[in-house]
Amino acid sequence: MILSRRTIPIMAATLVAAAPLPAGGETVTEQIASGEFEVKMTPSSAADAPVGSFALDKSYHGDLEAHSAGQMLAVRTAVDGSAGYVAMEKVSGTLAGKQGTFVLQHSATMTRGSPDLSITVVPDSGTDGFVGLAGRMDIRIEGGKHFYSFRYTLGG
């Protein structure tokens, strides 16, 4: 279910401030899409490489029905629970009755088990029905399953 949000929480303020305002005084309402996703990561570097690389293949279900493909670079440190990764994935599918593609940019660190994750829509990466898409995705893993919550605006 897609929920309409009239107020924007403090956590999303950076996203909203960074997103261009629509021309002509349009009102853009933040939406929230949620659901599950499956991810397949295929190593594309040697096991002993200083920076691991992986091909990503994802399927999103729920409010976002989509497939994505991408690349990830990752490093684990000698300290248990500390690591970092960056990734780019091109998403192709349907959201709120519109179809198109857009790109998600990931940047994450984990410090001794404490995660800091940012997944944002690359500005102006939306095509077709996703032209003007801006947003931020949060993920969580529970019981071995992956879930997403996607806060977005679709102007233009």
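Since the structure is predicted, the reported quantities are computational estimates derived from the model, not experimental observations.
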Any link between [X] and [Y] through a network of hydrophobic side chains (Ile, Leu, Val, Met, Phe, Trp, Tyr) touching at under 4.5 Å?
X: Val122; Y: Leu73; answer: no
X: Tyr85; Y: Val39; answer: yes
X: Phe37; Y: Tyr152; answer: yes

Locate the shortest heavy-atom distance separating [X] from [Y]; write the atom from each residue and the value.
X: Gly113; Y: Pro115; value: O-CD, 3.3 Å
X: Val121; Y: Leu133; value: CG1-O, 3.7 Å
X: Val131; Y: Leu154; value: O-CD1, 3.7 Å
X: Ser45; Y: Gly52; value: OG-CA, 3.4 Å
X: Ile32; Y: Asp63; value: O-OD2, 4.1 Å
X: Lys58; Y: His67; value: O-CD2, 3.2 Å

Using side chain to side chain contact (heavy atoms under 4.5 Å, CB included), reason through Val91 and Phe130 one step at a time and then give a plain yes or no.
CA-CA 11 Å; Val91 180; Phe130 296 149; over 6 Å; no

Side-chain heavy-atom pair Gln99, Asp128 within 4.5 angstrom cut-off:
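A side-chain contact is absent here, since even the closest heavy-atom pair is not under 4.5 Å.
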
Mind checking whether Tyr60 and Met137 have side chains closer than 4.5 Å, heavy atoms only?
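The answer is yes, as the side chains (C-beta and beyond) meet within the 4.5 Å cut-off.
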
Check whether any side-chain N or O of Ser82 sits under 3.5 Å from a backbone N or O of Thr77 as a donor-acceptor pair, and report yes or no.
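A pair under 3.5 Å: no.
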
State whether the side chain of Ser149 and the backbone N or O of Asp138 hold a donor-acceptor pair below 3.5 Å, judged by distance alone.
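A pair under 3.5 Å: no.
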
Does a sphere of radius 6.0 Å around CZ in Arg112 hold more than 12 heavy atoms from other residues, nucleotides or ligands, not counting ones at 6.0 Å or beyond?
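It does not: Arg112 CZ has 12 such atoms or fewer within range.
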
Straight-line distance of [X] [atom1] to [Y] [atom2], nearest 0.5 Å:
X: His106; Y: Met72; atom1: NE2; atom2: CE; answer: 9.5 Å
X: Gln31; Y: Arg151; atom1: CD; atom2: CZ; answer: 11.5 Å
X: Leu95; Y: Glu65; atom1: CG; atom2: CD; answer: 10.5 Å
X: Phe147; Y: His61; atom1: CZ; atom2: NE2; answer: 12.0 Å
X: Thr153; Y: Glu30; atom1: OG1; atom2: CD; answer: 7.5 Å

Under the salt bridge (Lys or Arg N to Asp or Glu O under 4.0 Å) rule, collect the residues that match up with Lys90, sequence neighbours excluded.
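With sequence neighbours excluded, Lys90 shows a salt bridge (Lys or Arg N to Asp or Glu O under 4.0 Å) to no residue whatsoever.
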
Would you please test Met88 and Leu104 for side chain to side chain contact (heavy atoms under 4.5 Å, CB included) and show each step?
CA-CA 6 Å; Met88 301 294 278; Leu104 289 172; over 6 Å; no

Of all residues at least two apart in sequence or in a different chain, which pass the ring-ring contact (aromatic ring centres under 6.0 Å, His included) check with Phe54?
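ring-ring contact (aromatic ring centres under 6.0 Å, His included) check on Phe54 returns nothing, list empty.
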
Determine whether Ser44 and Gln71 satisfy the following criterion, side chain to side chain contact (heavy atoms under 4.5 Å, CB included), listing intermediate values before the conclusion.
CA-CA 9 Å; Ser44 54; Gln71 293 289 317; 4.2 Å; yes

Would Phe150 and Tyr148 count as a ring pair (Phe, Tyr, Trp, His ring centres under 6.0 Å) here? Give the steps.
CA-CA 6 Å; Phe150 184 37; Tyr148 68 88; 7.5 Å; no

With side chain to side chain contact (heavy atoms under 4.5 Å, CB included) as the test, would you mind laying out the steps for Leu117 and Met110 before giving the verdict?
CA-CA 8 Å; Leu117 174 64; Met110 185 174 298; over 6 Å; no

Do you see a donor-acceptor pair shorter than 3.5 Å between the side chains of Ser107 and Ser118?
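The criterion, which ignores hydrogens and geometry beyond distance, is not satisfied for Ser118 and Ser107.
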
